[in-house]
Amino acid sequence: MMNTGCEGSSTSNYDPVTKIHRRSTRRVVEAKRKARPELNNYGWNTLGFATSFDLPPITDTIIRLNGSEICLEEFRENYEKPRIPVIITGLTSNWAAHEKWTPERLLKKYRNQKFKCGEDDDGYSVKIKMKYYYDYMRTNDDDSPLYVFDSSFGERHKTKKLLEDYEIPKFWEDDLFRYAEMKKRPPHRWIVFGPARSGTAIHIDPLGTSAWNALIHGHKRWVLIPPDAPKALVKPMKHEAGKHPDEAVTCLLFLGVRSSSWPKEYPIIECRQAPGKLCFVPAGWWHVVINESVTVAITQNLCSIANLHIVWPKTVRGRPKFSKHWFKRIKSERPELISIMEASEATPQDENSSSDSSSSSSSSDDSDSDSGNDDGVEKRMQVQRKRRHSQTISENKVACASKLGRSPERKQ
Ligand SMILES: O=C(O)CCC(=O)C(=O)O
Ligand SMILES: [Fe+2]
C-alpha cells in the first residue's frame with residue numbers, strides 16, 4: 001500500500017493501529033456525520049459486512065460487444081432503440097485515464113482537491129479531500145462506505161483537466177442536452193470512485209436519460225432489471241430495509257432474497273464489469289451497482305435521438321423552466337426533432353412513468369424525483385436525503401445475507 005505522506009509531516013500524526021493519518025480520521029468522521037447522520041449512534045460497521053458480505057457467484061448474462069467493430073447505426077438500431085443493456089469493449093483503449101486514474105495517481109495529482117461524497121440533510125454537498133478519502137478507501141470496514149460521486153469536476157479549475165483523460169465514445173456524441181447552456185443543463189457527467197461495498201442503490205436514471213459507465217480501475221457488479229418491473233418488486237419496503245435503505249448492499253441482499261420467486265416476465269441481467277469495459281444502461285432500466293474492490297469510473301447520462309421521446313415529456317414535467325430553454329435551442333439547432341418532441345407529449349408515457357416519479361433515478365426520492373425539481377436533480381445523492389428510517393432488521397439482514405451467499409439463481 002502506498003505511503004500517503006504525512007499530513008502535517010509529523011509522524012505522530014500517523015496512527016499505527018488504523019494505519020491512517022489522524023486528520024484523515026477526523027475529516028472522514030465529519031463527512032460521515034453530515035452525509036448520514038442517522039448512523040451516528042447506530043454505527044457504520046454494525047452489520048459486519050466487511051467480513052460477512054459475499055456476492056454470490058455470478059451468471060453473467062449481459063450481451064458483450066466490441067465497440068470498435070460496430071458503427072453508430074448498428075448500435076442504435078440493435079441496442080439503443082430496443083433498449084438492450086450491453087457491455088462494450090474497445091472504446092476506451094486510447095484514454096489517458098487508464099494510465100492516470102489509478103487511485104495512487106489520482107491521490108498524487110488531486111491530493112488537496114475536494115470531491116463530493118454525499119449530501120447533507122439540507123441538500124448541500126458533503127465534500128472531502130482526496131488525500132483523506134484515499135486513506136478511507138483503503139482502510140475502512142464500513143457496511144456501506146461513503147462513495148465519491150462528483151458531477152462538477154469538469155467545471156472546477158483544479159479538476160477540469162480530468163476531462164482530457166477520456167472522450168465521449170462515438171455512440172453517444174449526439175447528446176441533445178448539449179444544445180442547452182452548460183449552466184442550465186442537468187448534471188450529466190460524474191467521476192465515481194469508492195471502495196468495496198460502496199455502490200449505487202437500485203434506481204432508474206433521471207429524466208428518461210440513458211447512460212454509459214466506463215470502468216477504469218477495479219471491478220463492479222451490476223444487476224439490471226427491465227423498465228416495466230414494478231417498483232414494489234425491485235425495491236425493499238421500509239420494514240425490509242433497515243438502516244441502509246438506499247444502499248447498494250441492501251438492494252443486493254433484497255434481490256437475492258427475491259431470486260427464487262422472481263417473475264419470469266422481468267428477466268434480470270447480471271454482469272461483472274472489468275476495467276476498460278463500458279456498461280450501457282438504456283433509458284428506463286432499473287439498476288443496482290456494487291463495487292467489488294476500489295473502483296474508479298466515469299459515467300455520463302444523455303438524451304439521444306433514440307430516447308428523446310422519453311426524455312422530453314419527463315423534462316417538461318420535471319424541469320419546466322429548463323424545458324422551455326432547451327426547446328428553443330433544439331428548435332433553432334435541430335428543428336427536425338421538434339416533431340418527435342411534440343408527438344411524445346401526446347403519447348402515453350413509458351412503462352414506469354406513472355410511477356416514474358418513483359422510478360426515476362438515483363435521485364430516488366419516492367415522492368418525485370424527476371418531476372417537480374427544477375433546480376438541480378443530482379443523479380445519485382438525493383438518495384441520501386431520504387435516509388431517515390430507523391427500523392432495525394439486522395436479524396432479517398443476516399438471514400438475507402446467508403441466503404444471498406447461497407443463492408445464485410437470480411438470473412432468468
Ligand atoms: O458506478 C456506479 O456506482 C453506478 C452509477 C449509476 O448507476 C449512475 O450513475 O446512475
Ligand atoms: Fe444509474
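As the structure lists them, so they are numbered: ligands from 1, and atoms in each ligand from 1.
- Close contacts of ligand 1 with Tyr147, meaning ligand atoms under 4.0 Å from a residue heavy atom, involve 1 (O), 2 (C), 3 (O).
- Cation-pi check for Lys184 over Phe322 is not met; the charged atom does not lie both under 6.0 angstrom from the ring centroid and within 45 degrees of its normal.
- Every atom of ligand 1 is numbered from 1 in the order shown, and the set under 4.0 Å from a heavy atom of Asn213 is 1 (O), 2 (C), 4 (C), 5 (C).
- Aromatic ring centres of Phe171 and Trp212: separated by at least 6.0 Å.
- A cation-pi arrangement is present between Arg36 and Trp44, with the terminal nitrogen or guanidinium carbon under 6.0 Å from the aromatic centre and inside a 45° cone about the axis.
- Proximity to Thr200 (heavy-atom distance under 4.0 Å) selects the following atoms of ligand 1: 2 (C), 3 (O), 4 (C), 5 (C).
- Contact atoms of ligand 1 toward Thr299: 9 (O) (distance under 4.0 Å to a heavy atom of the residue).
- Residue Lys220 places at least one N or O, backbone or side chain, under 3.5 Å from an N or O of ligand 1.
- Contacts with ligand 1 closer than 4.0 Å are made by no heavy atom of Asn301, backbone or side chain.
- In this structure, Arg156 satisfies the cation-pi test against Phe115, with its NZ or CZ atom closer than 6.0 Å to the six-membered ring centre and inside 45 degrees of the ring normal.
- Side-chain N/O atoms of Gln273 and Trp222 include a donor and acceptor closer than 3.5 Å.
- With a heavy-atom cut-off of 4.0 Å, Trp190 does not touch ligand 1 at all.
- Taking a cut-off of under 4.0 Å to the non-hydrogen atoms of His287, the atoms of ligand 1 that pass are 7 (O), 10 (O).
- Residues Tyr147 and Glu247 have side chains that never bring a donor and an acceptor to within less than 3.5 angstrom of each other.
- Around the Fe ion (ligand 2), the two atoms OD1 of Asp205 and NE2 of His203 are separated by an angle of 90°, to 10 degrees.
- Distances from atom 10 (O) of ligand 1 to the heavy atoms of Asp205, Asn291, Leu224 show the closest one on Asp205.
- Taking the six-membered ring wherever Trp is involved, the centroid distance between the rings of Trp172 and Phe75 falls below 6.0 Å.
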